[in-house]
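A short write-up of the structure that comes next.
Just so we're clear, the structure is a prediction, and the values are computed from it rather than from any experiment.
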Amino acid sequence: MTSLGLFALVLALATLTGLFNARILRLPLTIGVLLLSLVVSAGLSVADWVLPLHTVHALQTLLTQVDLPTTLMEGALAFLLFAGAQGVDLGALFARKFSVLALALLGTLLAVVVFAAGAWGIFTLVGLNVPLAWCVVLGAILAPTDPVSVVGMLRRLGLPAQVQALFAGESLFNDGVGVVIFTVALEVAHHAHPVSALRLAEAFTTEVGGGLLVGLVGGWLARKAFALSQDPQLDLLISLTLCTGTYSLCTAWGLSGPIATVTAGLCMAAPATQRRITEQGRKNLHVFWELVDEVLNAMLFALIGFQVLALSFSRALVVAAALAIPLAIIARLLSVLLATLPVYLRGQDRIGVLAVLTWGGLRGGISISLALGLPESPMRAPLLAVCYCVVVFTILVQGLTIAPVVRKFHPS
């Protein structure tokens with residue numbers, strides 16, 4: 001099947017599940033698409049078992065052709081992060097800048113450490129021999145949060161602007177930090193290198209710092225280009241160049257593409273840049289990037305739902321996955337609490353912010369993509385199964401119950 005054919009098929013699946021959700025379930029789009037994709041996957045598996053038609057095998061072949069890790073990490077991620085960065089309230093984000101940095105850096109590291117230690121204990125308990133180094137890899141896979149499916153709901157429920165900015169800012173930046181940790185941890189685990197704090201610090205300085213620099217330079221150049229443009233169509237081309245260019249350059253140079261793209265998106269959203277764009281250009285850009293965000297998320301969540309067909313579970317893996325779900329919540333709670341204590345001691349609503357950040361810390365496409373990109377080894381199957389179950393739980397259960405949590409601690 002051609003690339004265009006694959007794109008059309010995935011888009012059709014997302015459209016059909018989205019239409020059913022809109023007419024029957026009326027859930028948030030991405031959550032509804034994921035739920036229906038899972039139901040269809042389960043139905044196909046049962047039907048294939050009762051009356052073998054090799055449907056599941058055909059879909060497994062299709063999923064291999066789609067290659068979700070490459071599709072997301074080298075394509076959709078740049079657009080999703082860039083679109084998300086433009087929707088952040090920069091004033092509110094700047095007011096919570098230290099909390100955002102603490103959550104994205106310290107919080108992500110703490111989440112990796114806590115989950116890795118707990119996962120190692122769980123695997124040992126169920127009789128699976130998964131070394132601690134691979135548990136660190138799993139912790140890095142599940143560290144990045146992806147609250148995109150509930151951000152709109154949080155806004156409609158009247159969550160304070162500064163909490164929204166804290167929530168979105170952490171999510172945008174911890175994607176890049178999580179990918180950096182994953183890269184280093186995988187190198188250590190897969191090649192049996194000794195763990196070196198110096199190696200980790202060097203990777204952080206190079207990849208994160210380099211990504212920030214590329215994003216800032218790209219944003220500055222885009223601002224100059226917008227001042228010269230004064231054409232709504234050209235404004236759109238400039239934004240696309242900024243998004244794809246910063247990510248591609250960082251990928252080629254071994255820097256953090258996600259960090260660069262988020263930084264570039266924030267630079268574009270800055271008032272100094274927006275003043276250089278025509279009024280019609282600003283409207284066009286808003287509509288375009290909002291549409292890109294919705295379409296790509298619907299397609300990715302449809303793919304995540306059908307990825308269950310490519311997994312295999314044993315009894316021990318089912319138990320490990322079930323125990324990993326509360327562990328993921330505990331790791332998220334401890335990482336948010338410990339990361340924000342030094343910088344968020346003021347204010348009247350610390351408990352409410354902690355509750356929303358903890359329960360709203362969904363995992364999504366990035367975690368699935370990192371897990372699917374693991375090299376072939378005996379460790380791949382248990383890590384992928386646990387990752388998938390945690391991701392699906394956070395999206396379906398936490399995503400569908402975040403509204404009562406918000407109303408409880410932030411009544412409008």
Side-chain angles (χ1 to χ4, degrees), residues 3 7 67 69-88 90 93 104 144 148 168-169 171-180 183 203-278 281-297 299-300 365-366 369 373:
S3 298
F7 180 82
D67 191 5
T70 302
T71 300
L72 181 62
M73 300 305 292
E74 295 183 8
L77 183 59
F79 292 96
L80 290 171
L81 293 177
F82 192 79
Q86 293 180 68
V88 176
L90 290 181
L93 180 64
V148 67
S171 171
L172 290 168
F173 280 106
N174 76 1
D175 289 344
V177 175
V179 172
V180 172
T183 302
F204 258 89
T205 303
T206 303
E207 295 191 35
V208 176
L212 282 170
L213 181 60
V214 171
L216 288 172
V217 172
W220 178 81
L221 291 173
R223 182 184 303 177
K224 297 295 184 183
F226 283 127
L228 296 173
S229 166
Q230 301 304 305
D231 182 334
Q233 283 72 36
L234 190 53
D235 291 340
L236 183 58
L237 288 176
I238 293 170
S239 71
L240 284 167
T241 302
L242 176 62
C243 170
T244 57
T246 51
Y247 195 94
S248 298
L249 284 175
C250 285
T251 301
W253 294 343
L255 306 176
S256 175
I259 293 291
T261 307
V262 169
T263 305
L266 292 174
C267 288
M268 184 172 155
T273 303
Q274 291 295 304
R275 285 194 296 268
R276 288 166 170 77
I277 306 174
T278 63
R282 288 195 296 271
K283 292 179 181 178
N284 290 353
L285 287 169
H286 175 75
V287 171
F288 174 79
W289 285 107
E290 188 174 48
L291 181 62
V292 166
D293 189 48
E294 291 291 339
V295 171
L296 286 179
N297 271 298
M299 293 176 67
L300 287 172
I366 293 175
S369 177

Donor-acceptor pair, [X] side chain versus [Y] backbone, under 3.5 Å?
X: Asn297; Y: Asp293; answer: yes
X: Thr273; Y: Cys267; answer: yes
X: Arg276; Y: Ala272; answer: yes
X: Ser248; Y: Thr244; answer: yes
X: Arg282; Y: Gln274; answer: yes

What I'd like to find out is whether the side chain of [X] reaches to under 4.5 Å of the side chain of [Y], using heavy atoms alone.
X: Met268; Y: Leu285; result: yes
X: Leu80; Y: Leu300; result: yes
X: Leu213; Y: Val217; result: yes
X: Leu77; Y: Tyr247; result: yes

Just how far is it from atom [atom1] of [X] to atom [atom2] of [Y], taken to the nearest 0.5 Å?
X: Gln86; Y: Leu81; atom1: CD; atom2: CG; answer: 11.5 Å
X: Leu242; Y: Thr261; atom1: CG; atom2: OG1; answer: 8.5 Å
X: Ser256; Y: Phe173; atom1: OG; atom2: CZ; answer: 10.0 Å
X: His286; Y: Leu291; atom1: NE2; atom2: CG; answer: 11.0 Å
X: Phe288; Y: Leu240; atom1: CZ; atom2: CG; answer: 4.5 Å
X: Thr241; Y: Leu221; atom1: OG1; atom2: CG; answer: 11.5 Å

Considering all heavy atoms, the nearest [X]-[Y] contact:
X: Ser239; Y: Trp289; value: OG-NE1, 3.2 Å
X: Leu266; Y: Ala85; value: CD2-O, 3.5 Å
X: Leu90; Y: Ala270; value: CD1-CA, 3.3 Å
X: Gly281; Y: Asp235; value: CA-OD2, 3.8 Å
X: Ala260; Y: Cys250; value: CB-SG, 3.4 Å
X: Ala76; Y: Leu296; value: O-CD1, 4.1 Å

Matching residue for Ser229 among Leu237, Thr278, Ile238 - test: side-chain contact (heavy atoms from CB on, under 4.5 Å) =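 With Ser229 as partner, Leu237, Thr278, Ile238 yield a single side-chain contact (heavy atoms from CB on, under 4.5 Å), made by Ile238.
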Out of Leu93, Ile259, Thr263, Val262, which residue meets the side-chain contact (heavy atoms from CB on, under 4.5 Å) rule with Leu172?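 The residue from Leu93, Ile259, Thr263, Val262 that satisfies side-chain contact (heavy atoms from CB on, under 4.5 Å) with Leu172 turns out to be Val262.
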